[in-house]
Amino acid sequence: MTARAVVLPGPVAVIPSAKAAQKLAAQQRRAGVAGGHGDVTGLADVVAEIDRLSRAGSLPARVEGDDPQRLVVYTSRHMVSLYLTRRGDAYSLGHLAPLNFRDQERLLRAAVLVHCPAGWWAYHQVRDVPPGWSGHWASIARAWQAAAVTSAPSTLPPHHLAWLDLLTEVVEATRDIEIERQRTGRPVPYRRVTSAQEERHTARGVYAFHLLRPASELAVGAAVYLVDEPELRGRVKDLRDRQVVVRFDSAVDYRRIPPQGALQVQPSDRVYRAQLDAVDALRRREVVNPYLLAGLVDRWLQPYQPDHAATPRESLDPGQLAAFRRALTVPDQLLVLGPPGTGKTRTITEIAAACVARGQRVLVTSHTNRAVDNVLERLPAEVRAVRLGNEDAMTSEARGFMVENQVDALREEILAATEGPASRLAAFGGTDAPLARWQDFLVSQVAVATAKDAEVRAHTAALDTLVQRINAPLAAAMAAAVATVTRARDETRQVTGALETARQRHAAADARSRTGWSAFFFGWLAGRRWRQVRELEERLPRLRSALAEAESTRTALRAQVDAAVSRDPEAARLVAARDTAVEAARQAVGEAARAAAMLRDALRPVVPLPAGPPAGPADGTPVDPAGWSGYAEALGHAVGLARRRAALLDEWRARVRQPGEDLHRETVRYADVVAATCIGTATTPLLAGLDFDLAIVDEAGQISTPNLLVPLVRARRSVLVGDHHQLPPFLDDEVKGWTESLARSADVPAGKAEEIGDLLRRSAFERLYQDAGDGHRVMLTVQRRMPETLARFVSRAFYSDVLETEHPGGHHDPIFAQPFAMVDTSDQAAAVRAERAGRNGEEWGRRGYVNDLEARIVTDLVTAYVHHYPDWAVIVPYRAQVDQLVELLAKSLGDAAGVADRVGTVDSFQGGERDLVVYGFTRSNSRGEVGFLRELRRINVALTRARRQLVVVGDASTLRAARDEPFAELFRAMVEHLGHSGDLRRSRDVSDLLAKLARERG
């Protein structure tokens, strides 16, 4: 970004235009924001942010065009066009629009940073701007010219381009690794297949497969094929419990599908397309945060001050509070290291709620659906949150936040809320509607009154001619009295209308003088308008008195005229005709007043009412047909408006009832919090074109750099929460073979292969956290999940011994004396405790291992514990051992489905927690081979899942002498810790105790 700073020596005035105010007010109404008045108040927040940024010297702006002279300034949410006034003393706010990628790209090319210590001030009209003020256009134009001339072409630095090229290769490498993983992954077995009901409505085959076990490998939309019939391919249409509905790509004969078999997942390009799109957005500079690439590559982060005054809703410990306060003001990126049990979800929830309270739109995302749902379920009720993604992967509570469910509820709410207005407006619907007939009656009575008033005037003129002939002085006096009444009546009517307008303008200014940055200005304006109201209120009674006196004089003279001509037959006829016409006019106006009252009562709840009505005949004043004609016309306009609103509301309610995507898009657009997985943010059409003020990424330590970029390119700033001491995006075993083969390729140098491997092994969170300054990283250090003795070892082994513990304690275990215990099988004969090779069913087609002795001990432990700790889990490193344990525990406990959900590999339990966790090392051999165990982060995950009791089972002789020295060192430290702070038992002793407990329980 090429920028030039400019300091403005004096204050700057802004006059928001009505068009801009109306546009923002419409946006506010759509968003459900109160206060959209279509006036300056609707723009208060926009101008206030311009003022705040300018006072801080960080208001970005560009000069666009010379005629008219236009200054475009950028707030956190809007692009605002300011037009210099003719006198050059202020700017008219003529246009504003939500900030988008294109605006960010323009700023990257060139900008000026406006610093105005005296601030920006809003005024209602140009004439209100104080004399001597200036828009300082010349200073701004000079700074802009310097920025535009020196701005470099829109190309990235070479090292940024090289990093993006490398990242593209990482995406391709990730795709290759996942393809290989899925190719060698376990098929999902099914026990039977049935025809789905939808098959009757489509030419393609749709079948339901009933699985033997839960299938975490499958997801709605995943491409699959039949292992025994590879050419039969389709996509998962629905997934519930152990039933998978697959729609095949072409019609499939039911007899071709094996009654028992297995489904195999096919690789999908959806994830990799999203990752490559994110990389391309960085390459094109089409990202919301223009400094994102510099932060990722150069580790350049902007300085800032945490909001030390911010207070969360719930109490937070010091580490959580530090993360909370920094997250509210960090301008680009904050990294929060959260070891297990340190309250990451609580911290994330508080950050999201506080940012929403500040008017920011927040994206909550993670690698897994479970992590996203955890945050979503803790948000306060007043936060409008939506959940996007696969319904079957969500918790039941999170499904309530789905867009579809919210739209259904909103649709019913809208229809219920508009039922009353719709029924009231229905009275104006057609030409034969009741109120339409009242309007016709009003018009007809006004026409009668007008006609009768014309007769009165004609008879009066004829009488005046007779009087002129009989008594000229009396006629002259009568003519003067009539003229006086006319003048007095016109002046009274004008002042009455002016008073009504003045009262409305005073009320508007008074309402705006109570809150907001412009309260002082509107307070002054309200006082000025109140003086106008008082002057008119004092003047009006005098005018009414003069009118009454003039009318009294006219009435007296009229009586004299009537007496003077009473003996003339023609005059008597004219007087009688005049009086009859006057009475008819009065009756017609009375009927018009009654009709007008009916219409006003009906119109008042639905449209603004016109001023009036004119004085009626009941108050003794003369008939005013001209006033009633204008009032009837005004009421006719109001009735027409009500009819148009009735038609619009009927059409709108009809559209609301119809299914469609409009409400879905609007629900997402105006949500405070949007929750989705990282890839879900790019693969959900409802998020197209939407950006965020803040992205909060949970489990960031598990997320690869390409995956992390997918949500980050949408956000102005981010908070990454994770733990790089637990499982990374890809483990060494997964990457090693690929990088070795890549290095052997003649096209890829060994150094580059290693760079790609490093980007695969280490998450962006890990690299960024290590390089970030103290202001941009914080560690949560108080854990509340694990018992203290277990937490002490974890803290020393993985977290530099900084973890503190707040745990209720209270150990009441029927088997072990401490909540951290180990069953050592090295007391058994080597042949008894030894591992044996399993099938080639692990990832990448590697051979697994089974340990029969450990499996029996674990089964006996869980069987003894199951009533004491109903919430339990068994974790082992190999799938082969998982299968054996599921079989043994299902026989012992009699709940095959429940057992399968509680036994798994380390990878499947990351992020979970249970009261009891039993971990089996499996490996036992004389060679010191530990295989998967050498990945220490797997051990960290396994040890940190337990809330009350952790039992590890393994051959200490093999593990202590492991050929992998880091693992051996960790295990020896664990045994030492168990010796003085835990419970270390021989397997025979534990087996004897379990047998005794079994006998006692019968």
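Starting from 1, each residue takes its place in the sequence as its number. Excluded from the calculations below are hydrogen atoms, water molecules and symmetry mates; all remaining heavy atoms, backbone and side chain alike, are included. Worth saying up front: this structure is predicted, and the values here are computed from it rather than measured.
The CD atom of Gln275 sits 10.5 Å away from the CG atom of Leu708 when rounded to the nearest 0.5 Å. For the atom pair His159 NE2 and Leu164 CG, the distance stands at 10.5 Å (nearest 0.5 Å). Residue Leu388 holds its CG atom at 10.5 Å from OG1 of Thr667, rounded to the nearest 0.5 Å. Rounded to the nearest 0.5 angstrom, Tyr799 OH and Leu780 CG are separated by 11.0 Å. The distance from atom CD of Gln333 to atom CG of Leu768, rounded to the nearest 0.5 Å, is 5.0 Å. Atom CG of residue Leu709 and atom CG of residue Leu292 lie 6.5 Å apart, to the nearest 0.5 angstrom.
Taking each heavy atom of Leu282 and Leu156 in turn, the nearest pair found is O-CD1, 4.0 Å. Nearest heavy atom pair, residue Ala682 against residue Val710, reads CB-CG1, 3.4 Å. Pro728 and Arg761 make their closest contact through CB-O, 3.2 Å (heavy atoms, listed as atom of the first residue, atom of the second, distance). Between Thr705 and Ser763, the shortest heavy-atom contact is OG1-C, 4.4 Å. Arg326 and Arg777 get closest at one heavy-atom pair: NH1-O, 2.8 Å. For the pair Pro340 and Gln726, the tightest heavy-atom approach, listed with the atom from each and the gap, is CG-NE2, 2.5 Å.
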Criterion side-chain contact (heavy atoms from CB on, under 4.5 Å) on Glu397 and Asp373, from CA distance to verdict: CA-CA 8 Å; Glu397 187 171 349; Asp373 295 344; over 6 Å; no

Salt bridge (Lys or Arg N to Asp or Glu O under 4.0 Å) between Asp280 and Arg273: does it pass, once the steps are laid out? CA-CA 10 Å; Asp280 287 342; Arg273 283 198 302 270; over 6 Å; no

Given Asp332 and Tyr291, is the side-chain contact (heavy atoms from CB on, under 4.5 Å) satisfied, shown in steps? CA-CA 8 Å; Asp332 34 39; Tyr291 308 109; 5.5 Å; no

Checking Leu720 against Val336 for the side-chain contact (heavy atoms from CB on, under 4.5 Å) test, could you report, in this order, the C-alpha distance in whole Å, the side-chain angles of both residues, the deciding distance, and whether it holds? CA-CA 6 Å; Leu720 310 183; Val336 181; over 6 Å; no

When you look at Leu276 and Thr168, which way does the side-chain contact (heavy atoms from CB on, under 4.5 Å) test go after all the steps? CA-CA 7 Å; Leu276 291 173; Thr168 301; 3.9 Å; yes

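Using a distance-only test at 3.5 Å, with no hydrogens or angles considered, a donor-acceptor pair links the side chain of Glu935 to the main chain of Arg937. The backbone N or O of Gln320 lies less than 3.5 Å from no partner atom in the side chain of Thr347, so there is not a single donor-acceptor pair. No donor-acceptor pair closer than 3.5 Å links the side chain of Arg767 to the backbone N or O of Leu296. A side-chain donor-acceptor contact under 3.5 Å links Asn405 to the backbone of Arg399. Checking side-chain atoms of Arg247 against main-chain N and O of Lys237 turns up no donor-acceptor pair under 3.5 Å. Between the side chain of Arg714 and the backbone N or O of Leu687 there is at least one donor-acceptor pair closer than 3.5 Å. Proximity of a side-chain donor or acceptor of Asp771 to a complementary backbone N or O of Arg299 within less than 3.5 Å is not detected. Of the possible polar contacts, none joining the Thr684 side chain to the Thr681 backbone as a donor-acceptor pair under 3.5 Å is found. Judged by distance alone, the side chain of Asp672 and the main-chain N or O of Val356 form no donor-acceptor pair under 3.5 Å. Side chain of Gln406 to backbone of Phe401: a donor-acceptor contact under 3.5 angstrom is found.
Heavy-atom neighbours of Arg669 CZ from other residues, nucleotides or ligands within 6.0 Å: at or below the threshold of 12.
Among residues two or more places apart in sequence or in another chain, the ring-ring contact (aromatic ring centres under 6.0 Å, His included) test is passed with Phe324 by none.
Between Thr944 and Glu913 the shortest side-chain heavy-atom distance does not fall below 4.5 Å. Cys355 is listed as a side-chain neighbour of Leu328, based on a closest heavy-atom distance under 4.5 Å. The shortest distance between side-chain heavy atoms of Ser704 and His367 does not fall below 4.5 Å. Using a 4.5 Å heavy-atom cutoff, the side chains of Phe209 and Val246 are in contact. In this structure the side chain of Pro706 never reaches within 4.5 angstrom of the side chain of Val279, judged on heavy atoms. Looking only at side-chain heavy atoms (C-beta outward), Thr342 and Leu337 stay at 4.5 Å or farther from each other. The side-chain heavy atoms of Trp163 and Asp298, taken from C-beta on, include no pair separated by under 4.5 Å. Residues Leu376 and Val364 fail the side-chain proximity criterion, which asks for heavy atoms closer than 4.5 Å.
Aromatic ring orientation, Phe932 versus Tyr878: parallel (interplanar angle below 30°, classes split at 30° and 60°). By the 30° and 60° cut-offs, the orientation of the rings of His724 relative to Phe765 is tilted.
Judged by distance alone, the side chains of Asn374 and Arg378 never bring a donor and an acceptor atom under 3.5 Å apart.
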Under 3.5 Å, sequence neighbours excluded: what are the donor-acceptor pairs made by side chains of residues 693-700?
| from | atom 1 | to | atom 2 | distance (Å) |
| --- | --- | --- | --- | --- |
| Asp693 | OD1 | Arg716 | NH1 | 3.2 |
| Asp693 | OD2 | Arg77 | NE | 3.3 |
| Asp693 | OD2 | Arg77 | NH2 | 3.0 |
| Asp693 | OD2 | Arg361 | N | 2.7 |
| Glu699 | OE1 | Ser366 | OG | 2.7 |
| Glu699 | OE1 | Thr368 | N | 3.2 |
| Glu699 | OE1 | Thr368 | OG1 | 2.9 |
| Glu699 | OE2 | Thr368 | OG1 | 3.1 |

